[in-house]
**Q** 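Would you mind keeping the following structure in view while I ask a few things?
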2 protein chains.
Amino acid sequence: MLLSYTEENYLKALLKITFNSGINEVGTNKLAASLVVKPATANDMLKKLKEKELVKYEKYGKIKLSKSGQKIALDIIRKHRLWETFLYQKLEFSWDEVHEVAEQLEHIKSEKLIDKLDKYLNFPEFDPHGDPIPNRNGELKVHYKKTLSDIAVGSSCKMVAVKDNSSSFLQYIIKVGLGINNQIKVISKQEYDSITIIEVNDILSSVSLKFAENIYVLCGDCIEGKKCFECQ
Amino acid sequence: MLLSYTEENYLKALLKITFNSGINEVGTNKLAASLVVKPATANDMLKKLKEKELVKYEKYGKIKLSKSGQKIALDIIRKHRLWETFLYQKLEFSWDEVHEVAEQLEHIKSEKLIDKLDKYLNFPEFDPHGDPIPNRNGELKVHYKKTLSDIAVGSSCKMVAVKDNSSSFLQYIIKVGLGINNQIKVISKQEYDSITIIEVNDILSSVSLKFAENIYVLCGDCIEGKKCFECQ
DNA sequence: TAATAAAGTTAGACTAATCTAACAAATAAA
DNA sequence: TTTATTTGTTAGATTAGTCTAACTTTATTA
Ligand SMILES: [Mn+2]
Ligand SMILES: [Mn+2]
Ligand SMILES: [Mn+2]
Ligand SMILES: [Mn+2]
């Protein structure tokens with residue numbers, strides 16, 4: 001079944017909402033907001049997607065992706081993240097620039113293209129933001145759970161991904177001298193507002209709670225190779 | 001000015017018609033045929049493109065690209081040919097597969113992307129079919145003029161480009177053992193129907209007039225580095 | 001030159017994706 | 001348990017791109 005650019009974006013939005021919020025209770029308003037359209041518009045599209053059996057949905061009920069809808073959404077995400085990786089690794093885009101272009105590239109229709117790209121990049125498992133890349137069967141590594149704000153004072157951790165993908169945050173991270181795979185030591189934490197002093201490459205920085213909550217990390221135990229069920 | 005996928009294709013079609021036919025007297029019917037739409041549809045679009053000052057066009061008159069329309073069309077062709085080169089050189093697509101995917105990729109909007117791709121490919125001057133790639137100012141090498149059918153019996157030449165880009169012809173060329181930059185010696189030519197015996201890499205093949213007319217070549221003089229005004 | 005053919009235009013209709021405004025249902029608050 | 005608020009739906013309109021069928025203009029040919 002050949003889907004339009006727009007239909008693909010609705011499916012992707014549905015998957016992303018459940019990814020991010022954990023909830024899989026998505027309503028018309030939330031979906032519409034995430035696509036920056038009006039609820040009436042989303043409602044129309046939902047009828048169409050239901051007709052094509054890509055979503056499960058009853059009037060006034062909650063929306064869920066069907067099995068096939070989910071597979072397609074995962075495929076779009078696979079393409080998005082592979083293209084981001086290509087732009088970052090091969091064309092030397094910075095990590096705050098890749099998303100916008102990948103939003104376009106993810107809709108290019110050619111299985112051969114994406115499989116060859118995957119191979120060319122040597123089957124990467126994570127994109128430049130640390131997000132897992134689904135394989136061609138739609139399977140993907142479990143995403144990280146622990147953030148920098150969960151790390152106790154005195155402990156070390158490793159930055160593995162970014163939660164907020166906005167380019168302003170991504171640029172800010174670089175400015176602080178931080179990046180994927182960096183070791184971070186939590187030096188101190190202000191009790192009143194959780195302002196945290198971290199040490200990265202021997203440089204101290206002070207970051208807000210909001211900042212710390214948007215940096216995914218692996219804890220000290222995980223770094224040393226021990227399994228930790230809290231981290232992933 | 002941000003153009004739609006469709007508008008871009010109309011501009012590209014206009015440029016391609018003038019490229020290929022030499023004529024720059026394009027009418028509604030010819031344009032429509034080249035885009036596989038009905039004349040009525042092309043007529044509607046022409047009004048819109050005129051409004052945007054991308055084409056010069058009066059009712060019942062001939063169609064011409066404006067300066068800005070031509071620049072945009074050249075830009076699409078630049079993107080198309082750079083993507084073809086990428087698919088061919090980096091992702092190991094065969095030369096008969098690249099066009100279809102490039103038809104989609106040529107509409108991705110990002111100047112940075114195309115400039116970085118250009119650099120990544122080391123500023124190629126020709127695509128996998130030997131067609132010249134416009135630079136970022138829309139300037140391009142003059143295209144080849146002489147075809148294999150122009151070469152005299154006993155003379156040698158070098159294949160430099162393909163006139164007919166259909167995948168069936170491209171596949172056929174490979175089957176004959178021919179490719180860009182191959183030396184071709186014209187062994188004999190049947191007077192009645194111009195069936196030509198050629199020698200490529202010590203192998204003899206017999207090709208039709210239609211075939212020979214669709215292979216661009218440089219003549220013997222040009223191969224030896226002498227300038228020849230007939231060839232380019 | 002007049003008839004015929006070819007090329008080009010217009011009118012009216014359709015689909016996909018969007019909107020606004022009005023309405024209905026479900027949920028939360030009083 | 002009413003009332004108010006939030007959430008979701010419907011109706012009607014709009015724009016881009018396409019079509020068919022009818023018509024007009026230009027070009028060709030007899
Ligand atoms: Mn992204
Ligand atoms: Mn990403
Ligand atoms: Mn091509
Ligand atoms: Mn080409």
Side-chain angles (χ1 to χ4, degrees), chain A residues 1-14 17-18 21 23-65 69 72-73 76 103-104 106-107 109, chain B residues 1-14 17-18 20-21 23-65 69 72-73 76 103-104 106-109:
Chain A
M1 185 182 2
L2 216 64
L3 299 184
S4 73
Y5 181 106
T6 311
E7 291 169 321
E8 289 186 345
N9 278 340
Y10 275 84
L11 297 179
K12 187 180 60 155
L14 283 169
I17 290 169
T18 58
S21 62
I23 322 156
N24 53 352
E25 290 275 289
V26 187
T28 311
N29 283 10
K30 196 177 258 178
L31 175 60
S34 110
L35 286 158
V36 199
V37 297
K38 297 289 134 96
T41 308
N43 186 264
D44 283 349
M45 180 58 85
L46 246 16
K47 288 177 193 160
K48 193 160 57 142
L49 294 176
K50 190 197 168 171
E51 198 53 48
K52 295 190 177 188
E53 300 191 322
L54 297 167
V55 299
K56 290 168 197 160
Y57 162 67
E58 297 304 329
K59 211 164 143 179
Y60 292 108
K62 292 301 173 185
I63 310 154
K64 278 192 82 172
L65 283 169
I72 291 168
I76 309 290
E103 285 287 305
Q104 298 178 61
E106 71 188 8
H107 300 289
K109 280 162 184 76
Chain B
M1 184 185 0
L2 215 63
L3 299 185
S4 73
Y5 179 107
T6 311
E7 291 169 322
E8 288 186 346
N9 278 339
Y10 276 85
L11 297 178
K12 187 180 62 155
L14 283 169
I17 290 168
T18 56
N20 295 337
S21 61
I23 320 156
N24 55 353
E25 287 277 288
V26 187
T28 311
N29 283 9
K30 196 176 257 177
L31 175 60
S34 109
L35 286 158
V36 197
V37 296
K38 296 291 135 102
T41 308
N43 186 263
D44 283 348
M45 181 58 86
L46 247 15
K47 287 176 194 162
K48 193 161 54 141
L49 294 175
K50 190 196 169 171
E51 198 52 48
K52 295 189 175 186
E53 300 191 326
L54 298 167
V55 299
K56 289 169 196 159
Y57 161 69
E58 297 303 328
K59 212 165 145 179
Y60 294 107
K62 291 302 171 184
I63 310 154
K64 278 190 82 171
L65 284 168
I72 292 168
I76 308 291
E103 286 286 305
Q104 297 179 62
E106 71 188 8
H107 300 289
I108 302 292
K109 279 162 183 78

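Because the structure is a prediction, the values reported are computed rather than measured. Values below: every heavy atom of this structure, side chains too, minus hydrogens, waters and symmetry copies.
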**Q** Please determine, for the side chain of A:Asn43, which listed nucleotide (D:dC19, C:dT20, D:dG8) has the closest atom?
**A**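 Looking only at heavy atoms from C-beta outward on A:Asn43, the closest nucleotide is D:dG8.
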**Q** Identify which nucleotide among C:dT10, C:dA25, D:dT25 has an atom closest to any side-chain atom of B:Ala40, counting heavy atoms from C-beta outward.
**A**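 Nucleotide nearest to B:Ala40's side chain: C:dT10.
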**Q** Decide yes or no on salt bridge (charged side-chain N to carboxylate O under 4.0 Å, His left out) for B:Glu106 and B:Lys12, but give the supporting numbers first.
**A** CA-CA 11 Å; B:Glu106 71 188 8; B:Lys12 187 180 62 155; 2.7 Å; yes
**Q** How close or far is atom C1' of D:dA16 from atom CD of B:Glu51, stated in whole angstroms?
**A**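 Rounded to the whole Å, the gap is 15 Å.
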**Q** Does a side-chain N or O of B:Lys47 approach OP1 or OP2 of C:dT10 to a distance below 4.0 Å, or not?
**A**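 Yes, because at least one side-chain N or O of B:Lys47 sits under 4.0 Å from OP1 or OP2 of C:dT10.
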**Q** Would you indicate, yes or no, if C:dA16 has its OP1 or OP2 atom less than 4.0 angstrom from a side-chain nitrogen or oxygen of A:Tyr10?
**A**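 Answer no for this pair, as no side-chain N or O of A:Tyr10 is under 4.0 Å from OP1 or OP2.
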**Q** Closer than 4.0 Å, any side-chain N/O of A:Lys38 to the OP1 or OP2 of C:dT18?
**A**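 Checking C:dT18 against A:Lys38, no side-chain N or O comes under 4.0 Å of OP1 or OP2.
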**Q** Any side-chain heavy atom of A:Val26 sitting closer than 4.5 Å to one from A:Lys64?
**A**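 They are not in side-chain contact.
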**Q** Taking the minimum atom-to-atom distance to the side chain of B:Val37, which one of C:dA7, D:dT18, D:dT20 wins?
**A**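 Closest nucleotide among those given: D:dT18.
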**Q** In this structure, are over 12 heavy atoms from other groups packed under 6.0 Å from B:Glu53 atom CD?
**A**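 No - once you tally the heavy atoms of other residues, nucleotides and ligands closer than 6.0 Å, there are 12 at most.
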**Q** Quick one: does any side-chain atom of B:Glu7 pair with a main-chain N or O of B:Ser4 as donor and acceptor, under 3.5 Å?
**A**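 Yes; judged by distance alone, with no hydrogens or angles, the pair exists.
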**Q** Distance check needed: C:dA16 C1' versus A:Leu49 CG, whole Å only.
**A**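 Checked: the CG to C1' distance equals 12 Å.
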**Q** Identify whether any heavy atom of A:Thr6 sits under 4.0 Å from a base atom; if not, whether one sits that close to sugar-phosphate; answer base, sugar-phosphate or nothing.
**A**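 Counting heavy atoms under 4.0 Å across all strands, the contact made by A:Thr6 is with sugar-phosphate only.
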**Q** Please give, in whole Å, the distance from C:dA26 P to A:Glu58 CD?
**A**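 To the nearest whole Å, that distance equals 13 Å.
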**Q** Could you work out which one of C:dT18, C:dT20, D:dT24 sits closest to the side chain of B:Tyr60?
**A**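 So the side chain of B:Tyr60 is nearest to D:dT24.
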**Q** Counting side-chain heavy atoms from CB outward, which of C:dT18, D:dG8, C:dT9 is closest to A:Lys62?
**A**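 The nucleotide sitting nearest to the side chain is D:dG8.
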**Q** May I ask you to verify if any side-chain N or O of A:Thr28 is less than 4.0 angstrom from the OP1 or OP2 atom of D:dT9?
**A**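 A:Thr28 to D:dT9 OP1/OP2: side-chain N or O found under 4.0 Å.
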**Q** Check the distance between D:dT6's P and A:Lys30's NZ and give it to me in whole angstrom.
**A**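 Going from NZ in A:Lys30 over to P in D:dT6 covers 16 Å.
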**Q** Could you tell me how far apart B:Asp44 (CG) and D:dT20 (P) are, to the nearest whole angstrom?
**A**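 Going from B:Asp44 (CG) to D:dT20 (P), I get 13 Å.
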**Q** Roughly how many Å is it from CD in B:Glu7 to P in D:dT18, rounded to a whole number?
**A**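 Nearest whole value for this atom pair: 10 Å.
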**Q** For D:dA16, take OP1 and OP2 only and decide whether either is under 4.0 Å from a side-chain N or O of B:Ser4.
**A**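 No, outside the criterion.
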**Q** Can you check whether B:Lys109's main-chain N or O pairs, donor with acceptor, with A:Gln104's side chain at less than 3.5 Å?
**A**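 Here the side-chain-to-backbone pair exists.
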**Q** Side chain of A:Asn29 only, heavy atoms from C-beta on: which candidate in D:dT18, D:dT9, D:dT7 is closest?
**A**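 Shortest atom-to-atom distance from the side chain points to D:dT7.
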**Q** Could you tell me how far apart A:Lys59 (NZ) and D:dT10 (C1') are, to the nearest whole angstrom?
**A**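 Going from A:Lys59 (NZ) to D:dT10 (C1'), I get 8 Å.
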**Q** Could you give the CD-to-C1' distance, from B:Glu25 to D:dA27, as a whole number of Å?
**A**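 It works out to 14 Å between those atoms.
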